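Encoded as C-alpha cells, the structure appears first; notes follow it.
Chain A is the first sequence line, chain B the second, and so forth, proteins listed ahead of strands; every chain is numbered from 1. Heavy atoms only: backbone and side chains are in, while hydrogens, waters and symmetry mates are out. Here the structure is a predicted model, which is why all the values come from computation and not from measurement.
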Amino acid sequence: MDDELHERIRAVITDVPVGTVATYGDIAALSGAPSPRMVGRVLAEDGHDLPWHRILRANGTPAPHLAHEQLARLRTEGVLADEQRVNLRKYRWQAATDDTGDGPEGLF
DNA sequence: TGTATGACCCTAA
DNA sequence: ATTAGGGCCATAC
C-alpha cells in the first residue's frame with residue numbers, strides 16, 4: 001500500500017516552513033517517494049489542505065495552471081518572486097543542512 | 001497486456 | 001531562452 005507513502009509525502013509538505021519553498025524532487029527525496037511524479041499526483045489528488053503553493057518545480061517555476069495563484073500566495077508569505085520564477089537560491093527550504101555558511105561560495 | 005496521461009527531472013542541441 | 005528525447009512511477013481505460 002502506498003497509503004503510508006501518501007501520508008509521508010503530505011507530512012513533509014506540511015513541514016515546509018512559512019516563507020520558504022521546496023521542489024517536487026526535494027519532497028520526494030525527503031519523503032522517500034520513488035519519483036517526484038508521486039508528489040505531484042498526491043498534491044493533485046489530496047493537496048487541498050496542504051501548503052501546495054510552497055512546492056515548485058526544479059527550476060523554480062511553479063506548475064503552469066497554478067502559476068498565478070502560487071506566486072500570489074507566496075508573495076503573501078513574504079516570498080518575492082519574478083513574474084515567472086522564484087529564487088530558489090534564497091527561498092529553497094534546506095532541511096537541516098549542515099552548511100556552516102563559511103564556504104567560499106561566490107553565489108549571491 | 002498494452003497504451004496514454006500527469007501539479008516531474010535531467011541532459012543535449 | 002526554447003524544443004526534443006529519455007527516464008521516472010502510479011492510474012485509468
Count the heavy atoms of every other residue, nucleotide or ligand shown that sit under 6.0 Å from CD of Gln84(A), and state whether that count exceeds 12. no
Do His53(A) and Glu77(A) meet the criterion of a side-chain donor-acceptor pair at a distance under 3.5 Å? yes
Please list each protein N or O that sits under 3.5 Å from an N or O in nucleotides 10-13 of chain C, with the distance.
{"from": "dT11(C)", "atom 1": "OP1", "to": "Asp2(A)", "atom 2": "OD2", "distance (Å)": "3.1"}

Give the rounded distance in Å between these two atoms: NE2 of His48(A) and C1' of dA7(B). 14 Å
In whole angstrom, what separates Ile13(A)'s CD1 from dA7(B)'s C1'? 10 Å
Distance, C1' atom - from dG7(C) to dG6(B), rounded to whole angstrom: 15 Å
Check whether any side-chain heavy atom of Asp46(A) sits under 4.5 Å from a side-chain heavy atom of His48(A), and report yes or no. yes
Enclosure of His68(A) NE2 (heavy-atom neighbours >12, cutoff 6.0 Å): no
Please measure how far the C1' atom in dT1(B) lies from the corresponding atom in dA12(C), and state the result in whole Å. 14 Å
Nearest-Å distance, NE2 (His65(A)) to C1' (dT5(B))? 14 Å
Leu74(A) and its side chain to side chain contact (heavy atoms under 4.5 Å, CB included) partner, picked from Leu80(A), Val86(A), Thr20(A): Val86(A)
Spell out, as yes or no, whether a donor-acceptor pair under 3.5 Å connects the side chain of Arg54(A) to the backbone of Val16(A). yes
Please report, rounded to the nearest Å, how far the P atom of dG6(B) is from the CZ atom of Arg57(A). 13 Å
Report yes if at least one side-chain N or O of Arg54(A) is closer than 4.0 Å to OP1 or OP2 of dA7(B); otherwise report no. no
Look at the side chain of Gln70(A) and the backbone N and O of Trp52(A), then say whether any donor-acceptor pair between them is shorter than 3.5 Å. yes
Atom CG of Leu56(A) and atom P of dC9(B): how far apart are they, to the nearest Å? 10 Å
How would you label the contact of Ala58(A) with the nucleic acid (heavy atoms, under 4.0 Å): base, sugar-phosphate, or nothing? sugar-phosphate
Taken to the nearest whole Å, CG/Leu88(A) to C1'/dC9(B) is 13 Å
Could you please name the option among dC9(C), dA7(B), dA1(C) that lies closest to any side-chain atom of Arg85(A)? dA1(C)
Output the rounded distance in Å from NE2 (His6(A)) to C1' (dC9(C)). 15 Å
